[in-house]
Amino acid sequence: MNTYLLYSQIYVSLTSWRGKNLDKQDVQPLETIDIEQFQTDLISWFQKEQRELPWRKDKDPYKVWVSEIMLQQTRVDTVIPYFHRFLELFPEVKDLAQAEEDQVLKAWEGLGYYSRARNLQSAVKEVYEKYGGIVPNTPKEISSLKGVGPYTAGAILSIAYGIPEPAVDGNVMRVFSRILSIWNDIAKPATRKVFETAVRELISHDNPSDFNQALMELGALICTPTSPSCLLCPVRDHCAAFHEGTQHELPIKTKNKKQKHVKMAAAILVNDKGEILIQKRPAKGLLANLWEFPNVESTLSYVDEKALLEDRFADLYSGNVHLNRSIGQLEHVFSHLIWNINIYAGTIDDGSASELQNVKFVSIEELNQYAFPVPYQKMFRMYQLEKE
DNA sequence: AAGTCGGGGCC
DNA sequence: GGCCCAGACTT
């Protein structure tokens, strides 16, 4: 029973299923998917061709969890060194639960989307205190943890616990948009459910871990966004797009909007001991709880910017500020905005600034103990190069 | 549903 | 330049 899943059945259960190109499928009819054969082809390919990745050495739920959080919107090659360092610093739930947040953010420095780190630690604390350090294994409990959304819940449940839950990420949507010829816009939030429904029908109950990982591995290695390697694909016989020749048209994804430009001015301010003024960013919003150099959003005209900045910084830090020189400009691109920063260097008298909350004077050697966003790392590098 | 939230590597 | 990436959270 149900070895073969009729397309008509899927059609009923999903919206916009094969809503387009009904003529093209007649070229090479694909009326049925042999589910068991599909599972076998997919999983055996994965077991043979999968990459050796550090989080695949064992299925420790905590390690799987950390890896899945790091991998959100982040490439495998970027994550690998971070994963090693993070697990060295925080080998088990207890270690991360008891760590200082500043240390966690330092370990995350440069990886981006820093709320992932703060949410992960918050959730790990809950696991440590409420679940005795054991990562829960039910959809309800694990989904309630901070930072664990529908994808990550399914990934942990299937990979670490062998529970047949969908783990639908960008890879899975791309792969199944082609295999099942789904023309919904994968940029729309509602579309993910279409794919979850499909995965629930197709997932292997014998090996949900390899099934889900195989889909992602296929998306990363074969069924790539621009030029899929269909001739190497282990499931091309099951693929509607391959039969119809539409693999280059799928998936449908609407474009995202352009970034807004934000003008900034920032300064390296040094006191008479040669220490540098740094401050901690607010606990919410962009780059929350990371450290930065004095800066303002500036719509000032470049003509008088230096003098106006001196007044502004003097006011902010209750000291005499003198900007000696302009070091240059820096552009940094975020997902949704672009910073254009004018960079200055100068001095500040160490009056009452160090008494301000979230403000510190630190030596150059001490700087590397604080987590800085990449644009401020670039800024400090420019400062050091200019100084020589 | 749309906006916020990083950063780097391709093409 | 734009696009993508093992997404989640807030509004």
Side-chain angles (χ1 to χ4, degrees), chain A residues 46 50-51 53-56 63-83 105 108-120 122-123 142-160 166-175 185-193 195-196 199 209 211-221 223-228 251 253-260 262 281-290 331-339 371-378:
Chain A
F46 174 71
Q50 65 172 296
R51 295 167 289 180
L53 299 174
W55 45 89
R56 286 181 178 161
K63 293 182 195 169
V64 172
W65 185 6
V66 170
S67 74
E68 291 302 339
I69 299 297
M70 286 188 170
L71 285 162
Q72 289 171 8
Q73 297 294 288
T74 312
R75 295 173 190 285
V76 164
D77 291 338
T78 304
V79 166
I80 290 174
Y82 282 92
F83 181 81
L105 287 175
W108 211 271
E109 181 186 47
L111 195 55
Y113 287 150
Y114 298 95
S115 66
R116 290 184 296 175
R118 297 190 301 130
N119 288 339
L120 173 61
S122 169
I142 201 162
S143 297
S144 75
L145 297 170
K146 261 185 200 163
V148 179
Y151 163 74
T152 305
I156 298 173
L157 288 170
S158 62
I159 297 172
V168 175
D169 69 336
N171 284 312
V172 174
M173 287 197 283
R174 182 174 59 259
V175 167
D185 182 358
I186 67 168
K188 303 277 186 201
T191 302
R192 198 197 72 249
K193 295 186 177 175
F195 291 90
E196 280 182 355
V199 172
S209 169
F211 182 88
N212 279 342
Q213 290 187 80
L215 289 174
M216 295 186 273
E217 196 80 343
L218 192 67
L221 301 181
C223 197
T224 51
T226 51
S227 53
K253 187 176 186 183
T254 52
K255 307 180 201 298
N256 31 347
K257 294 161 78 173
K258 283 184 182 173
Q259 301 100 327
K260 290 175 183 172
V262 179
R281 293 176 60 86
K284 290 191 173 182
L286 184 65
L287 305 168
N289 281 354
L290 274 74
E331 180 182 273
H332 187 80
V333 179
F334 296 90
S335 310
H336 59 301
L337 54 89
I338 298 176
W339 278 1
F372 283 87
V374 166
Y376 290 106
Q377 297 177 28
K378 292 181 188 168

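When reading the values below, keep in mind they use all heavy atoms of this one structure, side chains included, and skip hydrogens, waters and symmetry mates. In what follows, every chain begins at residue 1, and chains take the letters A, B, ... in the order their sequences are listed. Given the structure is predicted, the values throughout are model-derived calculations rather than measurements.
The CD-C1' distance, from A:Q259 to B:dG6, rounds to 12 Å in whole Å. In this entry the distance linking CZ of A:R75 with P of B:dG6 reads 18 Å, nearest Å. Atom CG of A:D77 and atom P of B:dC10 are 8 Å apart (whole Å). Whole-Å rounding puts the A:K257 NZ to B:dA2 P distance at 9 Å. Atom pair A:Q377:CD and B:dG6:C1' shows a separation of 12 Å (rounding to whole Å applied). The CG-P distance, from A:N289 to B:dG6, rounds to 11 Å in whole Å. Nucleotide B:dC5 holds its P atom 19 Å from the CD1 atom of A:I69, rounded to whole Å. Between A:N256 atom CG and B:dT4 atom C1' the separation is 13 Å, expressed in whole Å.
Heavy atoms of A:P251 sit nowhere under 4.0 angstrom from any nucleic acid atom. Backbone-only engagement by A:F334 is indicated by non-hydrogen atom pairs under 4.0 Å involving sugar-phosphate atoms exclusively. Nucleic acid contact for A:V79: none, since no nucleic acid atom lies under 4.0 Å from a heavy atom of the residue. Using a 4.0 Å heavy-atom cutoff across all strands shown, A:A190 reaches sugar-phosphate atoms only and no base atom. Residue contacts for A:T78: at a heavy-atom cut-off of 4.0 Å it reaches no nucleic acid atom on any strand shown. A:G285 comes within 4.0 angstrom of sugar-phosphate atoms only, judged by non-hydrogen atoms across all strands, and of no base. No engagement by A:W339 is indicated, since no non-hydrogen atom pair under 4.0 Å with the nucleic acid exists. Among the heavy atoms of the strands lying under 4.0 Å from A:L53 is at least one base atom, whether or not backbone atoms are also near. Using a 4.0 Å heavy-atom criterion, one finds that A:T74 contacts the bases of the nucleic acid, with or without backbone contacts as well. Looking at heavy-atom distances under 4.0 Å, A:L337 makes no contact with the nucleic acid at all.
In this structure, A:H336 does not reach the B:dT4 phosphate: none of its side-chain N or O atoms is under 4.0 Å from OP1 or OP2. Contact between the side-chain N/O atoms of A:H332 and the OP1/OP2 oxygens of B:dG7 is found at a separation under 4.0 Å. The side chain of A:Y113 places no N or O atom within less than 4.0 Å of a non-bridging phosphate oxygen (OP1 or OP2) of B:dT4.
The backbone N or O of A:A214 sits nowhere less than 3.5 Å from a side-chain atom of A:Q50 that would complete a donor-acceptor pair. No donor-acceptor distance shorter than 3.5 angstrom exists from the side chain of A:R116 to the backbone of A:W108, with no hydrogens or angles considered.
Taking the P atom of each, C:dC9 and B:dG8 are spaced 24 Å apart, rounded to whole Å. For the C1' atoms, the distance linking B:dA1 with C:dC5 amounts to 22 Å, nearest Å. Nucleotides B:dT4 and C:dA6 place their P atoms 24 Å apart, quoted to the nearest Å.
In this structure, A:R51 and A:A220 approach most closely via the heavy-atom pair NH2-CB, 3.7 Å. Scanning both residues, A:C223 and A:P228, for their nearest heavy atoms gives CA-CB, 4.2 Å. Smallest separation of non-hydrogen atoms from A:L290 and A:F372: CD2-C, 4.0 Å. The heavy-atom pair separating A:G219 from A:R174 by the smallest distance is O-NH2, 2.7 Å. The two atoms that bring A:W339 and A:P375 nearest to each other are CZ3-CG, 3.9 Å, heavy atoms only.
Along DNA chain C, the nucleotide nearest A:T152 and the nucleotide nearest A:R174 are compared for position; the residue whose nucleotide lies closer to the 5' end is A:R174. Comparing A:R56 and A:G147, the nucleotide of DNA chain C nearest to each residue sits closer to the 5' end for A:R56. Residue order along DNA chain B, read from the 5' end via each residue's closest nucleotide, puts A:R116 first among A:T226 and A:R116.
In summary, contact between chain A and DNA chain C, defined as any nucleotide atom under 4.0 Å from a heavy atom of the protein, begins and ends at C:dG2 to C:dC9 in the 5' to 3' direction.
Donor-acceptor pairing under 3.5 Å is lacking for the side chains of A:Q72 and A:Y151.
Summarising the local packing, NZ of A:K146 is surrounded by 12 or fewer heavy atoms from other residues, nucleotides or ligands at distances under 6.0 Å.
In this structure, the nucleotide among B:dA2, B:dG3, B:dG7 sitting nearest to the side chain of A:K188 is B:dA2.
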